[in-house]
Participant: 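What follows is a single structure, and I will ask about it in a moment.
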Amino acid sequence: MRVGGSIGLGGLALAAMLAGTPALAVLGGREGGPSAASTLMVLNARGGVCTGIVLSPRTILTAAHCADGGVELRIHWKDGSGEPVLIAPAAVAFHPGFDAKAITARRRSIDLALVRLSAPLPSRFSPAALIDGGLPRAGSEITLAGYGVSREGEARTTGTYRSAALTTVEPYGPGKILLWAADPAGAGSRPGAGACQGDSGGPIWQGSDGVIAVTSWSTGPKGRSCGLLSQGVLIAPQRNWVDRTLSQWGESASWTTGR
């Protein structure tokens with residue numbers, strides 16, 4: 001797996017996110033997008049910002065590296081008056097295939113974690129549909145979304161849900177674990193739209209069917225970490241782990257067959 005110029009997408013300042021300054025997200029994206037009512041932010045005590053996908057009123061799916069190392073987490077959204085809400089999770093479950101050192105060691109990792117909340121989310125949040133169907137091949141249209149930066153390295157551009165239309169690519173052949181995507185104009189060889197810091201754990205949608213993958217990291221041109229390829233963990237191959245973990249918590253996810 002290519003690691004040059006790649007990063008985990010969680011490392012931004014919490015203070016900047018809560019500062020109330022104008023904020024965007026996703027490089028080259030537009031404000032809004034699918035699953036907006038099914039997403040929120042996952043913050044950690046090291047100043048990290050990630051995106052989370054709502055599976056039920058008490059459970060969230062995100063990237064495992066966002067919660068790695070026993071770091072203290074808070075789930076964040078804004079209430080009806082725009083005031084920030086921060087709640088602590090009751091439990092975090094890491095996928096057994098997650099490897100925190102995968103990027104530097106050039107090993108495969110299933111970068112997923114499930115978070116159980118200590119209290120149910122407000123009714124305005126709705127569970128996202130997860131796709132259990134055929135895996136997308138090169139050229140498939142997908143939509144990547146999250147709360148990350150709109151300009152790489154500028155923490156103050158974090159905090160608004162944005163999305164970008166991308167196309168799947170197969171730099172290492174057809175994937176059974178990971179999905180790779182790029183701006184269709186640049187095809188992964190020229191800078192364009194894609195995931196960046198803060199988008200980890202966010203949804204990758206296939207059409208209007210539901211979430212096909214969970215964003216995990218990105219690559220960029222020399223000296224940059226975003227703008228070329230975006231990577232996500234395919235969710236269908238991990239359905240047994242998701243369902244088994246949620247069942248232990250008395251919860252369940254909504255699955256659809258997709259196309």
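All values below come from the heavy atoms of this structure, side chains included, with hydrogens, waters and symmetry mates left out. The residues of the chain are indexed from 1 along the displayed sequence.
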Participant: Is the shortest side-chain heavy-atom distance between Val42 and Val115 below 4.5 Å?
Facilitator: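 Heavy-atom side-chain distance check fails, nothing below 4.5 Å.
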Participant: Side chains of Ser56 and Glu251 only: does a donor on one sit below 3.5 Å from an acceptor on the other?
Facilitator: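 Ser56 vs Glu251: donor-acceptor pair found between side chains.
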Participant: Is there a donor-acceptor pair closer than 3.5 Å between any side-chain N or O of Asn44 and the backbone N or O of Cys66?
Facilitator: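 Indeed, once roles are kept as given, a pair shorter than 3.5 Å links the two residues.
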Participant: Applying side-chain contact (heavy atoms from CB on, under 4.5 Å) between Pro34 and each of Ile204, Thr143, Val211, report the one that passes.
Facilitator: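 Of the listed residues Ile204, Thr143, Val211, the side-chain contact (heavy atoms from CB on, under 4.5 Å) partner of Pro34 is Thr143.
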Participant: Are side-chain heavy atoms of Val49 and Val149 found at a separation under 4.5 Å?
Facilitator: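 The answer is no, as the side chains (C-beta and beyond) never meet within the 4.5 Å cut-off.
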Participant: Find out whether Leu229 and Gln231 are in side-chain contact, i.e. whether some heavy atom of one side chain is under 4.5 Å from a heavy atom of the other.
Facilitator: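 Not in contact.
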Participant: How would you list, by chain and number, every residue that makes a side-chain hydrogen bond (donor to acceptor under 3.5 Å, both in side chains) with Arg239, sequence neighbours excluded?
Facilitator: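 Applying side-chain hydrogen bond (donor to acceptor under 3.5 Å, both in side chains) to Arg239 gives Asp132, Asp243.
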Participant: Considering residues at least two apart in sequence or located in another chain, which fulfil the side-chain hydrogen bond (donor to acceptor under 3.5 Å, both in side chains) criterion with Asn240?
Facilitator: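 By the side-chain hydrogen bond (donor to acceptor under 3.5 Å, both in side chains) rule, Asn240 matches no residue at all.
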Participant: Can you list everything that forms a side chain to side chain contact (heavy atoms under 4.5 Å, CB included) with Ser230? Sequence neighbours excluded, please.
Facilitator: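 Ser230: side chain to side chain contact (heavy atoms under 4.5 Å, CB included) contacts with Leu144, Leu166, Ala195.
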Participant: Atom CD1 of Ile75 and atom CE of Met41: how far apart are they, to the nearest 0.5 Å?
Facilitator: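 The CD1 atom of Ile75 sits 11.0 Å away from the CE atom of Met41.
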Participant: Checking Ser81 now: which residues fulfil side chain to side chain contact (heavy atoms under 4.5 Å, CB included) with it, not counting sequence neighbours?
Facilitator: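 Ser81 satisfies side chain to side chain contact (heavy atoms under 4.5 Å, CB included) with Asp79, Glu83 only.
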Participant: Are any of the side-chain heavy atoms of Val242 and Trp255 separated by less than 4.5 Å?
Facilitator: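 Side chain of Val242 against side chain of Trp255, heavy atoms only: contact under 4.5 Å found.
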Participant: Are any non-hydrogen side-chain atoms of Pro127 and Thr59 less than 4.5 angstrom apart?
Facilitator: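 The answer is no, as the side chains (C-beta and beyond) never meet within the 4.5 Å cut-off.
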Participant: Tell me, do Phe98 and Ile110 make a side-chain contact under 4.5 Å, heavy atoms counted?
Facilitator: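 No - every pair of side-chain heavy atoms lies 4.5 Å or more apart.
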Participant: Report yes if some heavy atom in the side chain of Trp249 is under 4.5 Å from a heavy atom in the side chain of Leu117; otherwise report no.
Facilitator: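 Side chain of Trp249 against side chain of Leu117, heavy atoms only: no contact under 4.5 Å found.
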Participant: Arg137: what forms a side-chain hydrogen bond (donor to acceptor under 3.5 Å, both in side chains) with it, not counting sequence neighbours?
Facilitator: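 With neighbours one apart ignored, the set is Glu170.
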Participant: Quick one: list whatever passes side-chain hydrogen bond (donor to acceptor under 3.5 Å, both in side chains) with Gln248, sequence neighbours left out.
Facilitator: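 With sequence neighbours excluded, Gln248 shows a side-chain hydrogen bond (donor to acceptor under 3.5 Å, both in side chains) to no residue whatsoever.
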